[in-house]
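Only a predicted model underlies this, so the values are computations on that prediction, with no experimental measurement involved.
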Amino acid sequence: MIGNKIISLRNKLNIKQEDLALKLGVTRPMLSHYEHNLHNPPIPVLIQLADIFNVSVDFLLEHHSKNKSQFSEDEKQLLKMYRLLNIKK
């Protein structure tokens, strides 16, 4: 869920909850609500989070189901090979 991603990314960058809340223009308790999935951040806050953490909004909202895969195994292999091509440039 998004709250776990916010916590993980915030900790990875060693940003305190108070400091991130200030950057987002929200209260620390509201940020805590986002982090504990009690409230969903509004779109402008999602965009700010993506900018601060240098990730896409899609990444923040991404949800993986253990039972469903977006790609077949062949598609995953092709995607992996394609990504390797981009790294070599």
Query raised in the report: Which heavy atom of Ile2 sits nearest a heavy atom of Leu60, and at what distance?
Result: CG1-O, 3.6 Å

Requested in this report: Is it possible for you to say whether Leu9 and Leu24 belong to one hydrophobic cluster, with membership spreading through side-chain heavy-atom contacts below 4.5 Å?
Outcome: yes

Query - Residue pairs passing the ring-ring contact (aromatic ring centres under 6.0 Å, His included) test where at least one lies in residues 12-33, sequence neighbours excluded - result: His33-His39

**Report entry** For the student: nearest non-hydrogen atoms of Leu61 and Leu46, plus distance
**Finding:** CD2-CD1, 4.0 Å

Report task. Can you run down the salt bridge (Lys or Arg N to Asp or Glu O under 4.0 Å) pairs that involve residues 39-51, sequence neighbours left out, and say none if there aren't any? Result -> none

**Report entry** Thr27: partners by side-chain contact (heavy atoms from CB on, under 4.5 Å), with sequence neighbours left out
**Finding:** Pro29, Met30

**Report entry** Those residues that, when tested against His36, pass ring pair (Phe, Tyr, Trp, His ring centres under 6.0 Å) (two or more places apart)
**Finding:** none

Query raised in the report: Heavy atoms, side chains only, cut-off 4.5 Å: are Ile15 and Ile52 in contact?
Result: yes

Query raised in the report: In terms of hydrophobic clustering (I, L, V, M, F, W, Y; side-chain heavy atoms under 4.5 Å; direct or indirect links), are Leu31 and Leu38 co-clustered?
Result: no

Report task. Identify the heavy atoms of Ile6 and Phe53 that sit nearest to each other, and give their distance. Result -> O-CZ, 4.0 Å

Query raised in the report: What are the two closest non-hydrogen atoms of Tyr34 and Pro41, and how far apart are they?
Result: CE2-CA, 3.6 Å

Query raised in the report: Is it true that atom CG of Asn54 has more than 12 heavy atoms of other residues, nucleotides or ligands lying nearer than 6.0 Å?
Result: no

Query raised in the report: How would you list all residue pairs meeting salt bridge (Lys or Arg N to Asp or Glu O under 4.0 Å) that involve residues 10-35, not counting sequence neighbours?
Result: Arg10-Glu35

Query raised in the report: Among all residues two or more places apart in sequence or in another chain, which pass the side-chain contact (heavy atoms from CB on, under 4.5 Å) test with Leu78?
Result: Met81

Query raised in the report: Should Leu22 and Leu20 be regarded as members of a common hydrophobic cluster, given that ILVMFWY residues are connected when their side-chain heavy atoms come within less than 4.5 Å of each other, either directly or indirectly?
Result: no

Requested in this report: Determine whether Ile7 and Phe59 fall in the same hydrophobic cluster, where Ile, Leu, Val, Met, Phe, Trp and Tyr are linked whenever their side-chain heavy atoms lie under 4.5 Å apart.
Outcome: no

Query raised in the report: Would a distance-only check, ignoring hydrogens and angles, find a side-chain to backbone donor-acceptor pair under 3.5 Å from Lys5 to Glu62?
Result: yes

**Report entry** For Ser56 against Ala50, the heavy-atom pair lying closest together
**Finding:** C-CB, 4.0 Å

